Structure formats: structure tokens, C-alpha cells
**Student:** 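Take a look at the following structure, please.
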2 protein chains.
Amino acid sequence: MSIESASHSNDRAGNLGVTVTPEDDFAQWYQDIVQKAQLAENGPVRGTMVVRPYAWRIWELMQGFLDEMFKETGHENAYFPLLIPQSYITREADHIEGFAPELWTVTQGGGKDLEEPAVIRPTSETVIGEMMSKWIQTHRDLPLLLNQWANVMRWERRPRLFLRTSEFNWQEGHTAHVDKADAMEETLRMLDVYETFAVRDMAVPVVKGEKTPSERFPGAENTYTIEGMMRDGKALQSGTSHYLGTKFAEAFDITYQSRENQRELCHTTSWGVSTRLIGAVIMAHGDAKGLVLPPRIASHQVVFVPVMAHKAPEVADEADRLAKELKAAGVRAHVDHRDQKPGFKFNDWELKGVPLRIEIGPRDLEAGVVTIAQRLGHDDEQGNPIKDAVPTGELVAHVTDRLVAYHDFLLQRALDFREANTKQVDNWDDFVAQVKTGWASVLYDGTEETEQKIKEATSATPRCIPSDFPAEDGACFVTGAPSAFGKRVIFGRSY
Amino acid sequence: MSIESASHSNDRAGNLGVTVTPEDDFAQWYQDIVQKAQLAENGPVRGTMVVRPYAWRIWELMQGFLDEMFKETGHENAYFPLLIPQSYITREADHIEGFAPELWTVTQGGGKDLEEPAVIRPTSETVIGEMMSKWIQTHRDLPLLLNQWANVMRWERRPRLFLRTSEFNWQEGHTAHVDKADAMEETLRMLDVYETFAVRDMAVPVVKGEKTPSERFPGAENTYTIEGMMRDGKALQSGTSHYLGTKFAEAFDITYQSRENQRELCHTTSWGVSTRLIGAVIMAHGDAKGLVLPPRIASHQVVFVPVMAHKAPEVADEADRLAKELKAAGVRAHVDHRDQKPGFKFNDWELKGVPLRIEIGPRDLEAGVVTIAQRLGHDDEQGNPIKDAVPTGELVAHVTDRLVAYHDFLLQRALDFREANTKQVDNWDDFVAQVKTGWASVLYDGTEETEQKIKEATSATPRCIPSDFPAEDGACFVTGAPSAFGKRVIFGRSY
């Protein structure tokens, strides 16, 4: 297997393992994990990314869960062109204003200059809008519920693997509806789908809410978001869902004939999540030993390490047999047959964040047990993993239960961390202190001036107006003016 | 559902159905099906394609089968950048000679000219070669077995939806090996995977063999292909697998340290299939009524049409209940609840090639049966589908069996057609006559001059040197010179 052999080379180069703790230098720690767990590396063209097999498998698992939910909620996948005529992208004023600085432009094809330059899609509202205007004739054609899995490109001044890359892979949902109520219901339904996915599959608790006007998607009437807290206390915007009103319908003539035989504008939505979610997983769960993968999206959920296999080949056979049993029960099990010392393998799979590691040696074989170690949360007082002996006959049930419990543990750990690092604050000094390491929940006047002042002083920005916050009014903690939005807003530094 | 509602609009526009038979005008018939079965349409930038949901679902099903086989044969998916520096693509001489006229070039990013123009990948040997050279250190890192699902772009002078589009979606496998034997084994293994897929999932019998030198992939030592016969007697190259020798290894310095501590060049392969396979399905199975989908890749395998549902709503409920039963048994069943006459729905699903259509009306309900019609191959003397009454209690077993039998029927039909339209010929006149409507199996001298002469006179080209043809030598049917390749070669016109 290439995953294994490549890590072997790392070992020979002597650079296995993370060099710093997340507490010491979070940015360097992140970079170490991405490189040493063989998740990704820079592509040759500025800001582009090579996603290596171990990380792409995580993305495939994410895609599977999301796609299933998209289909269950009535969406169909389609595929639209990578290249968009420059004239399309300029048709909606706010949209082009937002995206103009980020465009990659194709000027030649087949050795000749194109008549009209084309841009590589930064997002597909415009080209899909053009198609919707052809496909939608009457109210019976609505709602039109589409999704696309695709690559997009946006120029990045400060690229960072997974978090901000010039090219990234994502899904973009695009839907058209008869009216605002129906479109808004869709917008919020897909936000709920994202929340479910984050919690159920990524073990990342997210705060769900609306963006303030300054943080909206270019061309949106309302933008909703899920925000996760990373282990440095910063926020990662992990998915967004936009109610686009009739802006794109006006720009692309997306209309329908109503039951009353009137021509009406459609109300459209769009929503997306991207490979940045892999960055979320790294930063929400990782520790000084490396990556920590939640079981539902772990490339391998269980890795067997046969011990003394060179002297007792039957331990390798037993590992294969048990792995097969686990696979039949739906567990992603893998046997590490590499010609390496067990200690090397333990470190390697810790670095790669595998939930459960199972050792099996000649004595285990004799006793009819295997020895299980859990990546996180089951340690002795010295911080070393407690190893449990489990009878092989009980292995499938034990592993299945334990993966569920481990997911719950990771989710609770992330939730506890977020709660410990989120505070209501009502004055400037407390705010400044709080956003150094976490999130602040504040009443403010909702103006761009105040947001700008806060950002310049602290780098913190409004993350969202949480859906489940209670109604509350008061004075802005910066200006003293009446607070906006009728509730508190979460501020934090972000990626 | 958007699929349905959009076809409804077609109806209102009065353009439902195919306007010509494949016998009368195959090209127009193909275009009609692509448009009216709502498979695809032209994108705004020259030669690009919008793949609509009904066709994208077929591609998803194809991807599922292929990806499973790729994983079973030890491959891992990864993702490499869309943009390739111009300097990479020129590094292997044959490669750039072949692809130069087809490149799309990006010259600007973020509003500024790029330091070095980048090309949109026409295929990824070069950028993957660059990464392989970093990832491979020793023989223990080999074989490196990668695959990528991605979009690529190649300038097309005469674009045709699915068959030749400027942008298309495909998978590209890229592997590196210690020596020629191992790389050649891989090349042929993946050709076998493609053959299995074509026969088992697409019901398209293919001829498997090697391309003659003039038809090789730019940069390959050997190119292998699977070729399917379309219903106009032309060939469609449906998948290719290339042994690249050490050409790319030399250009990108892909080397490894051998067991004997020598630095050696890797031997690499690449192989791919694309959305052109959807074109193969249309042209290998379709008829005057429209698309004919083989069950394993059919978006819907079974569609229920409730009859008199407006007067007897219980028929719609029964259809829902039976569809649910079928779904639980793994059958892709769909209920057409549109407010349309049954006759319209029958035509619509015939046009869309659904294998089995199930009618259920009040009298069926009373008798405890449903009425099944099969898209093709079960007709009365007038050519109308024979409708079979099947007790609802036997429906799941009946449908499951029938889908398998229907697949076998389509495969045999395609095989019979191919055999009836393939002939051994040994003189020029017979050859000219044969390639007008089918394939000719010939002995020829293997020179480019002879191929050129044949092509100019007849448009036919060598499709492949079939793997399973017996050894045979003789005189070239054109020049009388000794024949090449030690066996017959298939010639035909192609897409």
C-alpha cells in the first residue's frame, strides 16, 4: 500500500512525528500534521494543493454522508462547466464586486486567443442561473433542487493547505423556488443538514446562525453559517447557506409562469461545504501526537499491528482473519504488514489519528485475546494509553460499541472546550482578553464601523448571530448605542 | 422532482420524442436523444457541456462500479491540481507534441498576469509525475497505485456532447512500478477491469486489444483499448490503458533505490475512462423510441405509473408501497406522481430508457396484480410491448430476476449485432463495402502509409489488434507486402 510505504520513507528521512505542540505554535503544528500525516502538499501553481490518498479518503467519506442527505432531501446532482464567460460573472453587481479580485482567467484555447476570455468558476451561481432560466418554465418545474460536486478556483494571497487554497473541491447546491418562504425554508434546511453532518460525522459541535450584513456572500440577501471552534480558540466557518432573493433571477431571467398565469421571478438559494472541512477536523481534534480522526470519517477505523510476526507468522494470519470479520461488520479495518518495528507503527498510526490500534502477538494468540489501545481519552496517569485485552470472540461487538463511544467522547471534548472558551462579555477590556483565546458573545450596534474598529484592534470579526440565542437588547459594548439584531452576536478570530 | 417537471415543460413545448430513426439519420437521432431525454446540453464556452441530472446519475452509478474495482485492485484515490505549469507539460517530447494543439491556457490570476502561464490539465501524467518523484524513494514505495476522478480540458474543433467535449469528466489511473513486467501486468489488469465493467455493467461487448503505433497515447510505449460497436456500425474507443515505459520517469526523475542499492527508473502506466461512456450507452443500445438503459446503470430501473389516480388515490398509495418494497430489495424504483396522462408518461419513460414500466390501476388493485412492460425485447407481432400481469406478492422476485434477464438480453443483442457487422476481408473492394456499415478484420502491412491511404479512401482507421485473435500471417490486402503484428487487425470508422 502506498500510504504505508511512503510513511516508511519518511521514517528513513528521520522526520516522523510532529515537532511542536499545538500550545507552543499552533500554525507550525498544523503544518507538521498536514505534511507528516501525508494529508496534502503544495501544487506547483501558486496556492494549489495536492490532496494525498489518506486525506482524500476522508473527503470521500464526507462526500458519502453529505450526498446521501442531499438526495434524501430531494436534490439531484448535475455537472456544469468549469469555464464561465467573463460577461456572465459581471451580470450581478454585488457578485462581481466580491469575486473580481479572486478570478483566474483563461485567454487562450487551442493555441489561439479566445474571442471572449473565460474565468474558471469561483462558484457557479451565474452559469447555473443561465441554465435555470432555460429549464424553468412554469410553477410545476419548481422547486428545482440541484447540487454539484466540483473544483473551483479563487486567487488566494495567503494560501494555507485545506483552509485557503487557490483551487479547492466542494459541493455547491443551487435551488430555485416559487417564493421567499419556500426558498428560505430550503436555505435553513440545508444549514440543518450541515449541522447534522458536523456533529454526527465530524464530531465537531457547531454554532449555527446568520452572518451579519458585512459577512454575507456576494449577491446574497441572507447568509447563514455553521462555525466550529478550533483548539486554538479560533473559529472556522465550516459551511454556508445563502438566500439569494431574486437577485440572480433578475440577472439571469429565471422566471416561471404562476398558477395565476403571471410571469414571476424565482427565489434562489445556494449552499456549500468544501475540503476545508478536513482542516476543521485537524484543528478541532488534533493533539501533540498528531491527527485525531473521528471514527465515522476515519480512513481506517481500526489498524492491526501484528507483533513478532517475523518469528510467528500465525499472528499476521490471525490479524487478517479478525480484520476480515470486522470488515464484514462494516468496520474499516486495516492490517499493517510492513516490515517495521511495532513501535514505529504505533507512532505512525497515532500520528495519522487512527481511532483504535489493535496489537496481536504470540502471547495474545495463545490467550485468545487482542490488545486494544484508543487514540485519545483512555490513558493512565502518565498519559499513556491503557491497553485492554479483549477476547477475540467479542472483538466485533467491542469495536463497534467502542467506535460509537469514542465518537461521543470526541464530540463532548470539543463541546467542553468550546464552552470553556466562550464567554459573554460586556466591556472592551474583557472583550480584548476573551478573543485572544476564544469567542466573545456580545451586544453591539451592528454597524460596519464598529466591526471595523473591533477587527483592527483585535482581529476578531462577527462569526454569527446564533439561531438559538435568546432575545436580548441593550447597549453596544463599544459605542453604547442600542444593540442590533435583538440578540447577542459571537465574535472571534477566524481562519 | 426536477427531472419530471422539466420533461413536463418539454411536452408543453410540443417537442417530446425523437424525430428521426437511427437508420434514417444516426447523428440527428443521437442529438435528439441527448436533448429530449434531458441528458446534456452545450455550455456557454465553446465545446463545454452541461450534464443534466438524469445523465449525471448514470455517471455516478458508473463511478461506483469502477471505483469499487479500482479499490479492490489496490488503488487509492487522490487529487492533483487542475492547473499545470506550462514548463511541465513540455518536458516529455511526444506528450507535448500530441497535446499542444489542445491546450487551454490560463494567463491571469487575481487580476494580474501570471509569471508563468499555466495550462488546464488535458491529462495529469506530468503533475503526477512530479509528485511521484518526491514520494518514491525506495523499492518499498512501489508499486504506487493512484487514481483520480477529475475534469480535464482539451480544445475540440468539432465538439459533440459526451463524445468529444472541450471539458469532460473522467478517471485517470497513474501507477509506478519497479520494472516493465510489473507495469505491463498493471496495464493489462486495468484493461481487464474496463472490459469487465463494459460487459457486466453497461451490457456493451467490447473488443480488447492493442492500438497500432500511430494510434498510441502521446508518450506511451504501448496503448491498449476496449472498442465497442455502436448501432451505426462505427467503433467507440471506450477506455484505454497505457504502458508508458520509462519516458515520464526520465522526464520527471521518478526513480527508486533497488534492493541492490542501485538508483533505477520507475516504469509507469496510466489508464482512463470518461463521460464518453454515456455516449457509448446511448449509441450501443438506443432505438427509434429513444434511450435504452442497461439496468445496472439505469437512473431508475423501474418506474410506476399509477392509472386513474385522480379518481382512485389508493392506486398511488399502492404504487408507493410497492416501490418501497423494491427499494428495500435494492431496486432503484420510482413512482411518477405527475399530473399527466398515463400515455404521456409511458412515452416519456420509454424515451428515457427505463428498463421496466409498471402500470397500476383500480382494476389491477382489485385483482392484486400490477402490469409490467419491458422497454425492449418483449413485444408482440405489431412491435408493441407485451404487458404481463404479475401478482404483487411476487413483484420483488419477478423484478429482480427480470432485470438480470434484461441485462443479458441487451448484451446478447449487442453481441449479435457486432458479429453480424464484423467480417474478415482480404481485398480492397470488400473492405470498402464492409467499413461502410461495420468492422473489417484484415491482414495489413502495419505501415502508417497504408493506414493513411485507407483512412483517406474510407475514413476507417485501425481500431485494435485484438488480444484474442489467433496468430495469422499473410499478405497486406492493400499493398501485398507481408502483414504485420502476426494477426488480423480490426478496422472501422470511429467516433
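For the numbers below, each heavy atom of this structure counts, side chains included, while hydrogens, waters and symmetry mates do not. Proteins come first, then strands; the chains are lettered A, B, ... in the order of their sequence lines, and each starts at number 1. Nothing here was measured: the structure is a model prediction, and the numbers come from that model.
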**Student:** Taking CZ in Arg263(B) as the centre, count heavy atoms belonging to other residues, nucleotides or ligands within less than 6.0 Å. Is the count above 12?
**Tutor:**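 Above 12, so yes.
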**Student:** Any cation-pi pair here, Arg52(A) with Trp135(B), using under 6.0 Å and within 45°?
**Tutor:**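 That pair qualifies as a cation-pi contact.
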**Student:** For Val127(A), is it the side chain, the backbone, both, or neither that has a heavy atom closer than 4.5 Å to a heavy atom of chain B?
**Tutor:** side chain
**Student:** Is it the backbone or the side chain of Asp113(A) that comes under 4.5 Å from a heavy atom of chain B, or both, or neither?
**Tutor:**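 For Asp113(A), no heavy atom lies under 4.5 Å from chain B.
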**Student:** Please report the closest heavy-atom contact between Ile136(B) and Asp141(B), naming both atoms and the distance.
**Tutor:**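 For Ile136(B) versus Asp141(B), the nearest heavy atoms are C-OD2, 3.8 Å.
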**Student:** Given the options Glu116(B), Arg57(B), Glu60(B), which has more heavy-atom pairs under 4.5 Å with chain A than any of the others?
**Tutor:** Glu60(B)
**Student:** What orientation do Trp155(B) and Trp104(B) show, parallel under 30°, tilted 30 to 60°, or perpendicular over 60°?
**Tutor:**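 Judged by the thresholds at 30° and 60°, the geometry between Trp155(B) and Trp104(B) is tilted.
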**Student:** Just so I know, are the side chains of Ser124(A) and Glu172(A) near enough to count as touching, which here means a heavy-atom distance under 4.5 Å?
**Tutor:** yes
**Student:** Which one, Met153(A), Glu130(A), Glu102(A), leads in non-hydrogen pairs under 4.5 Å with chain B?
**Tutor:** Met153(A)
**Student:** Under a 4.5 Å heavy-atom cut-off, does chain B meet the side chain of Met49(A), its backbone, both or neither?
**Tutor:**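 The answer is the backbone of Met49(A).
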**Student:** Does the cation-pi check pass for Arg154(A) over Trp170(A), that is, NZ or CZ under 6.0 Å from the six-membered ring centre and within 45° of its axis?
**Tutor:** yes
**Student:** Select, from Ile84(B), Thr275(B), Val106(B), the one with the greatest count of heavy-atom pairs under 4.5 Å involving chain A.
**Tutor:**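 Among the listed options, the one with the most contacts to chain A is Val106(B).
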**Student:** Quick check on the interface: out of Gly43(B), Gly111(B), Pro44(B), Pro101(B), who has the most heavy-atom pairs with chain A under 4.5 Å?
**Tutor:**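 Heavy-atom pair counts peak at Pro44(B).
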**Student:** Measure the spacing between CE of Met131(A) and OG1 of Thr126(A) and express it to the nearest 0.5 Å.
**Tutor:** 10.0 Å
**Student:** If you count heavy-atom pairs under 4.5 Å between each of Leu103(A), Leu114(A), Leu82(A) and chain B, which one has the most?
**Tutor:**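 Max contact count across the listed options: Leu82(A).
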**Student:** With a 4.5 angstrom heavy-atom cut-off, is it the side chain or the backbone of Gln148(A) that approaches chain B, or both, or neither?
**Tutor:**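 Neither part, no heavy atoms under 4.5 Å.
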**Student:** Would you say Arg259(B) has more than 12 foreign heavy atoms packed within less than 6.0 Å of its CZ?
**Tutor:**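 For Arg259(B), atom CZ is not crowded (no more than 12 foreign heavy atoms under 6.0 Å).
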**Student:** Quick one: which of Ala118(A), Pro117(A), Ser166(A), Gly110(A) has the most heavy-atom pairs under 4.5 Å with chain B, could you say?
**Tutor:**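 Top count of heavy-atom pairs under 4.5 Å with chain B: Gly110(A).
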**Student:** Using every non-hydrogen atom in the two residues, find where Val51(A) and Ala78(B) come nearest and quote the distance to one decimal.
**Tutor:**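 Nearest heavy atoms, Val51(A) then Ala78(B): O-CB, 3.3 Å.
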**Student:** As an exercise: rank Ile120(B), Leu83(B), Asp67(B), Thr48(B) by heavy-atom pairs under 4.5 Å with chain A and give me the winner.
**Tutor:** Leu83(B)
**Student:** Which residue out of Arg46(B), Lys71(B), Lys112(B) racks up the most heavy-atom pairs below 4.5 Å with chain A?
**Tutor:** Lys71(B)
**Student:** At a 4.5 Å cut-off on heavy atoms, which part of Asn147(A) comes close to chain B: side chain, backbone, both, or neither?
**Tutor:** neither
